[in-house]
Amino acid sequence: MGRGLPATMRSAARAARLVGMAATGTGTGTGTGTGHKRPHPEPAARIGTHDGTFHCDEALACFLLRLLPRYRDAEIVRTRDPQLLARCDVVVDVGGEYDPGRHRYDHHQRSFTESMRSLRPDKPWSTKLSSAGLVYCHFGSQILAGLLGQPEDGPVVTALYDKLYENFVEEIDAIDNGIAPAAGEPRYALSTTLSVRVGHLNPRWNDPDQDTEAGFRRAMELVGSEFLERLDFYHRAWLPARALVEEAICRRFEVDASGQILELSQGGCPWKEHLFQLERELALPRPLQLVLFLDRGGQWRVQSVPTAPHSFQSRLPLPEAWRGLRDKVLSELAGIPGCVFVHASGFIGGNCTREGALEMARRALELGGGTEST
């Protein structure tokens with residue numbers, strides 16, 4: 001039935017099924033029909049975590065574990081009773097013990113200082129791990145390989161493993177361990193993070209019913225759906241953008257002899273993060289300065305590379321004399337036909353044609369972003 005659906009709809013439908021299965025513990029290979037039954041079915045695995053107020057990290061840890069075949073139908077036991085926890089196959093966020101050999105993944109004990117970098121020296125992140133980060137560290141590649149149908153040690157899983165930790169799991173680790181994103185007093189409150197939204201699923205302090213079981217199931221569904229949606233985006237949009245930027249870098253000398261002007265073959269591509277990463281990986285001898293692309297409205301753009309992925313400062317802004325000008329006035333001043341605009345800060349400009357946009361980029365390189373006009 002799903003073969004006629006677009007790929008994105010099939011992906012969304014599969015993600016919804018995975019969320020439901022992981023949150024409720026229902027697998028796909030069992031049923032209650034009249035078929036042959038195993039005479040001695042193996043008991044379901046047990047995932048232990050603490051009861052009471054729940055947090056984002058153990059909700060994600062439990063969801064991730066249930067994506068593994070071994071724990072797909074696992075019962076989640078929420079308790080602080082040491083005897084009940086001892087009977088569990090895996091325990092997260094409780095028990096005061098980190099022992100991956102026995103599948104114990106708590107991070108609250110005073111002796112615990114592990115980070116992704118300490119457990120996997122090839123990784124750069126030094127944020128102290130929570131139960132979510134511990135499960136992801138030990139099982140993340142296996143989980144992604146299973147979801148994507150890719151080799152666990154292949155480039156797709158490797159790239160997405162790093163991306164999801166840095167842009168999804170690490171934030172959960174930091175918040176649960178009380179690590180601020182920056183030093184000093186925050187300028188505004190962060191009140192809509194995933195961790196905050198999970199916290200709101202707990203009973204209110206003055207609710208007559210303080211049972212947390214239903215809320216925890218909802219928390220697993222929430223974190224699970226967002227994890228799978230993020231994975232789908234990075235797999236289907238972010239990763240193809242990297243390939244497009246890498247291709248543009250390889251052919252940059254075909255665009256301009258300087259090798260400092262990049263032309264993207266498709267507009268709307270998120271290029272900045274990939275550009276900085278590929279510059280480092282490929283050890284480019286000269287930094288890239290300007291990027292050409294066709295926007296979704298059919299207009300050619302020339303944009304300066306920022307000094308950092310999230311910076312508003314440009315490596316080489318368009319010439320100051322052009323900034324804030326438009327159309328005929330800009331074209332006459334620059335001596336380039338078809339100019340449409342240059343932003344007041346000089347970070348981006350437009351032209352009606354590819355040739356015009358490329359000439360704007362070349363002229364900017366010649367002028368070095370200075371104040372001289374042509």
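Predicted model, so just to flag it, every value in this text is computed and none were measured.
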- Query: Do I336 and N351 touch side chain to side chain, with heavy atoms closer than 4.5 Å?
  - Reply: yes
- Task: Please confirm whether the backbone N or O of G96 pairs with a side-chain atom of D106, one donor and one acceptor, at under 3.5 Å?
- Result: yes
- Query: Are R323 and F341 in a cation-pi contact, defined as NZ or CZ under 6.0 Å from the six-membered ring centre and within 45° of the axis?
  - Reply: no
- Without hydrogens or angle criteria, can the side chains of E170 and T127 be said to hold a donor-acceptor pair below 3.5 Å? yes
- Message: Quick one: does any side-chain atom of R66 pair with a main-chain N or O of D73 as donor and acceptor, under 3.5 Å?
- Response: no
- Query: Any side-chain heavy-atom pair from P306 and F276 closer than 4.5 angstrom?
  - Reply: yes
- Under a 4.5 Å cut-off applied to non-hydrogen side-chain atoms, are D153 and T158 in contact? no
- Any side-chain heavy atom of L278 within less than 4.5 Å of one from E281? yes
- Any L164 side-chain heavy atom under 4.5 Å of Y234 side chain: yes
- Query: Is it true that the side chains of S258 and D256 contain a donor and an acceptor less than 3.5 Å apart?
  - Reply: yes
- Would you say the side-chain atoms of N202 pair up with the backbone N or O of F54, donor to acceptor, closer than 3.5 Å? yes
- Query: Could you give the distance from CZ (R117) to NZ (K123), rounded to the nearest 0.5 Å?
  - Reply: 13.5 Å
- For the side chain of D89 and the backbone of R46, is there at least one donor-acceptor N/O pair under 3.5 Å apart? yes
- Task: Give a yes or no on whether R218 atom CZ has more than 12 heavy-atom contacts from other residues, nucleotides or ligands under 6.0 Å away.
- Result: no
- Item | The single option from R102, R104, Q109 passing side chain to side chain donor-acceptor pair (under 3.5 Å) against E97 | R102
- W238 ring center within less than 6.0 Å of F233 ring center: no
- Taking the side chain as every heavy atom from C-beta outward, state whether L294 and Q299 have any atom pair closer than 4.5 Å. no
- Answer yes if the side chains of S131 and D57 hold a donor-acceptor pair under 3.5 Å, and no otherwise. yes
- Query: Does the side chain of L228 come within less than 4.5 Å of F63's, by heavy atoms?
  - Reply: yes
- Any sub-3.5 Å donor-acceptor pair from S331's side-chain atoms to D327's backbone N or O? yes
- Message: Walk me through whether N177 and H107 qualify under side-chain hydrogen bond (donor to acceptor under 3.5 Å, both in side chains).
- Response: CA-CA 9 Å; N177 283 304; H107 66 110; 3.0 Å; yes
- Task: Establish, from distance only, whether the side-chain atoms of H50 and E58 form a donor-acceptor pair under 3.5 Å.
- Result: yes
- Stepwise side-chain hydrogen bond (donor to acceptor under 3.5 Å, both in side chains) test for R315 and Q289: CA-CA 6 Å; R315 285 181 176 175; Q289 299 287 5; 5.4 Å; no
- Task: Indicate yes or no for a side-chain donor-acceptor contact from Q210 to the backbone of D207 under 3.5 Å, with no hydrogens or angles considered.
- Result: yes
- Item | Interatomic distance, K163 atom NZ to N167 atom CG [nearest 0.5 angstrom] | 4.0 Å
- Message: Could you check whether any side-chain N or O of R252 sits under 3.5 Å from a backbone N or O of L262, counting only pairs where one atom can act as donor and the other as acceptor?
- Response: no
- When the ring centroid of F312 is compared with that of F347, is the distance short of 6.0 Å? no
- Item | Electrostatic pair R197-E226, nearest N-O below 4.0 angstrom | yes
- Query: Is the backbone N or O of Q313 less than 3.5 Å from a side-chain atom of S311, with the two atoms forming a donor-acceptor pair by type?
  - Reply: yes
- Are the side chains of H138 and R120 in touch, meaning some heavy atoms are under 4.5 Å apart? no
- Query: For H55 and D176, does a side-chain donor sit closer than 3.5 Å to a side-chain acceptor?
  - Reply: no
- Given the rule in the side-chain hydrogen bond (donor to acceptor under 3.5 Å, both in side chains) test, do Y105 and D99 qualify, once you have shown the distances and angles that lead to the verdict? CA-CA 7 Å; Y105 303 101; D99 183 355; over 6 Å; no
- Query: Is there a donor-acceptor pair closer than 3.5 Å between any side-chain N or O of Q266 and the backbone N or O of L244?
  - Reply: no
- Message: Closer than 3.5 angstrom, by distance alone: can the side chain of Y136 be matched with the main-chain N or O of Y161 as a donor-acceptor pair?
- Response: yes
